[in-house]
There are 4 protein chains.
Amino acid sequence: MEGDTGRAAHRGNRHRRSEEARQAVLHATDDLLAERGFAGLTIEGIAARAGVAKQTIYRWWPSKTEILMDAFTDDAVQHLTPPDSGDLGEDLRIHLRNLAEFLTTSDAGTVFRALAGQAQHDPEVATRLRTDHLGKQRERDRLPLQRALDRGELPPETDIDFLVDQLVGPIHYRALVTGEPVPKEFTDRLVAHVLR
Amino acid sequence: MEGDTGRAAHRGNRHRRSEEARQAVLHATDDLLAERGFAGLTIEGIAARAGVAKQTIYRWWPSKTEILMDAFTDDAVQHLTPPDSGDLGEDLRIHLRNLAEFLTTSDAGTVFRALAGQAQHDPEVATRLRTDHLGKQRERDRLPLQRALDRGELPPETDIDFLVDQLVGPIHYRALVTGEPVPKEFTDRLVAHVLR
Amino acid sequence: MEGDTGRAAHRGNRHRRSEEARQAVLHATDDLLAERGFAGLTIEGIAARAGVAKQTIYRWWPSKTEILMDAFTDDAVQHLTPPDSGDLGEDLRIHLRNLAEFLTTSDAGTVFRALAGQAQHDPEVATRLRTDHLGKQRERDRLPLQRALDRGELPPETDIDFLVDQLVGPIHYRALVTGEPVPKEFTDRLVAHVLR
Amino acid sequence: MEGDTGRAAHRGNRHRRSEEARQAVLHATDDLLAERGFAGLTIEGIAARAGVAKQTIYRWWPSKTEILMDAFTDDAVQHLTPPDSGDLGEDLRIHLRNLAEFLTTSDAGTVFRALAGQAQHDPEVATRLRTDHLGKQRERDRLPLQRALDRGELPPETDIDFLVDQLVGPIHYRALVTGEPVPKEFTDRLVAHVLR
DNA sequence: AAGTAATCGAGACGGTACGTCAAGTCTTCCT
DNA sequence: AGGAAGACTTGACGTACCGTCTCGATTACTT
């Protein structure tokens, strides 16, 4: 069985996709987003910068935002895994600090903000973003609380999702809506208030 | 009779701006945003729908988002003035409920989400949105807490802005980022947690 | 009636077509055809050379060959009106000589050969070419013979169209098919043979 | 069945060209020219229709028109060898009739017209067409007249090439330029006029 | 019998031009 | 002077083919 499917998979794909072109596109996208912003990000610009044909981009990515999704996944993502120190407060303070830095200062955060912005205009982007990124990130955000719950540090009836909303909501609000900075004092205070 | 012809006379109005054209543009913008989304919102489309020349739009609005800002201000906004019942909890519960409904179900909320999305791509839009809308809204959001503080219902060292971030942050987070619904239970619970 | 149609004609055409752009396109087309041949004649190239936007070309001409038809009509055409000396042989010798030079050496002849070539590939071009040019040219080709017939120089049962085919057919054959030169001896001899 | 697989064995033929692929390309070219016209004739289309790789086409034919030249030579051509009845008038009438039918109604004639059209745009095609086809055809066209000259049926000073131009010129003119039909009466009359 | 070499199908690649859409500027005519 | 109409330049869109290339498979000629 494996033999057959193995051969069939090769039947129409003799030399496969150029990883070189893929990387060039993703890097060019990152660079142009940083240099010119989302409005100045065009397929033609990416192609020119990457030294790649437009058709190669259209062959592998259905839209500009899908390139960003790819660049986002490739670039960053797992920066946002919370630590496991055994101390809930400590874990949350570090995790929220990382989240705040990711959202407000990192390159990957710039890509995320662009995607979140585009999600307001295009339901498909919203769905992709939620399916591919936010779901997993919610799992990671829950981890310290879940572990504390398992350790008996939190009352058994604790609604972890509600706590996560309370913790990450204000940070996203500042990063995406008001544009205010998100300093350590802010994130630490959030942890303090939420844990009583 | 003078009234009617008086309004009609404004159509070919010279020397001062045609209010008729202004309204037609704003309504056409609202309609097209609802029908086709932000991506399908073009100056040409608005002009055609409004029965107005493109030049008329460019004469009075510097950009597409400024039209949206205008439509937004015209349309709604003041839905979000909190009540003053004398009971802080009651005021906040009602206010947050209104905010949630505004963000997730109202037409004006759709415009706001589009503007917030565009603000991720264009710093100028971000600035305009914060200056013209968010600053005033923050004032309104602070009102119940400020009044409670003045009444001595809250400790004098209370950081009202921090409380506001904790209250409205998670609501914006759901509305703009995760796309989850924001039911009454959620907003009520936020109030309960924030007031101890 | 004239008043109404006159006003209606202006209703949707307040500043009308730019004659400057039209001329620039036609000249650029001529130049590029001469420099690069039909294969190297692109809409983008014409636009660039003419200093005109592609959209302006698409607004006024449905296809590349229509530009050529325009350039052709503008450029030349009436070079091919036969003289009227009162002597049939003389008139025909001069006319065929002009025709041969038009087809083999003139710029307009280059355009005509390109159009005739394209007519082999595209029935619509063939129809346009025949309707707009060849019909009128046939009339001009018939003139000397018709006048001779009217003067009684030719038998009344003469089939003028057949004589025209015999006179211009071999010239087109050489110009378009074999590519041989068409010297004066050849055209004079054709006249001699056809007139007995 | 073995016969079939025997032919199929050529499919993966190494060391010599696959006749199967060659035929498939030529037939696909004919079909597509008939179905879609010259404008719709693409290498990709031919390859797809023939079930052949593009590379196989580029390996064996330098250009699209060379495929047409091949298809042309393969298909027809020798339809245009004049008869030798011993009667010049009879030979010419039959030959011109065949020529007229070839040009206006046969499949090979369609290919020829396409090539003649392309020859107007591309000097290389013109050269190839004249070298490979028109030269030989001129020889065939001369045959009846040369034989009549040898038989003493024509004056010794007869310019055979000029007679050929007078005979075939008008037919090509109608077929390629005016698009008029070329009936038997027309070709017979040409013979009558040229032989005095 | 195993290797070598030519050719096949498939299809990805960098390009060029296509024809379309919308942007923002402009000019003209009308009121 | 404002407004409707719409032509203008510009630039990006997404598509179609171009001609080149590499891949893995197939089979005829070596040796």
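Labels below follow one simple rule: chain letters A, B, ... track the order of the sequence lines, proteins then strands, and each chain is numbered from 1.
Between Arg22(B) atom CZ and dG3(F) atom C1' the separation is 17 Å, expressed in whole Å. Spacing between atom CD of Glu20(A) and atom C1' of dC21(F) amounts to 13 Å, rounded to whole angstrom units. The CD1 atom of Ile57(B) sits 12 Å away from the P atom of dA5(F) (whole-angstrom rounding). dA12(F) atom P lies 15 Å from atom CZ of Phe38(A), rounded to whole Å. With rounding to whole Å, Ile46(B) atom CD1 is found 12 Å from dA23(E) atom C1'. When rounded to the nearest whole Å, the span between CZ of Arg36(A) and C1' of dG11(F) equals 13 Å. Between Glu19(A) atom CD and dA12(E) atom P there is a gap of 15 Å when expressed in whole angstrom units. Spacing between atom CH2 of Trp61(B) and atom C1' of dA23(E) amounts to 17 Å, rounded to whole angstrom units.
For the pair Trp60(B) and dG3(F), the criterion of a side-chain N or O lying under 4.0 Å from OP1 or OP2 is met. Between Thr56(D) and dT7(E) there is no side-chain polar atom (N or O) within less than 4.0 angstrom of OP1 or OP2. Residue Ser18(C) places none of its side-chain N or O atoms closer than 4.0 Å to OP1 or OP2 of dA7(F).
Of the candidates dG9(E), dT28(E), dG14(E), dT28(E) carries the atom nearest the Arg16(C) side chain, counting heavy atoms from C-beta on.
Looking at every heavy atom in both residues, Leu41(D) comes nearest to Lys64(D) through O-NZ, 2.9 Å. Closest non-hydrogen pair, Gln120(A) versus Arg113(B), comes out as CB-O, 3.3 Å.
Figure legend: Arg16(C) and Trp60(C) shown without cation-pi pairing, the cationic atom not lying both under 6.0 angstrom from the six-membered ring centre and within 45 degrees of its axis.
With the nearest nucleotide of DNA chain F identified for both Lys64(A) and Gly45(D), Lys64(A) has the one nearer the 5' end.
Between Phe112(A) and Phe72(A), the angle of the ring planes lies from 30° to 60°, which puts this pair in the tilted group.
A salt bridge links Arg49(D) with Glu35(D): the closest approach of a Lys/Arg side-chain nitrogen to an acidic carboxylate oxygen falls below 4.0 angstrom.
A donor and an acceptor atom never sit less than 3.5 Å apart when one is taken from the side chain of Arg59(B) and the other from the base of dG2(F).
Enclosure of atom CD in Gln23(A) by more than 12 non-hydrogen atoms of other residues, nucleotides or ligands within 6.0 angstrom is indicated. In this structure, Arg59(C) places its CZ atom where more than 12 heavy-atom neighbours from other residues, nucleotides or ligands lie under 6.0 Å away.
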Under 3.5 Å, N/O pairs linking protein and nucleotides 15-17 of chain E:
none

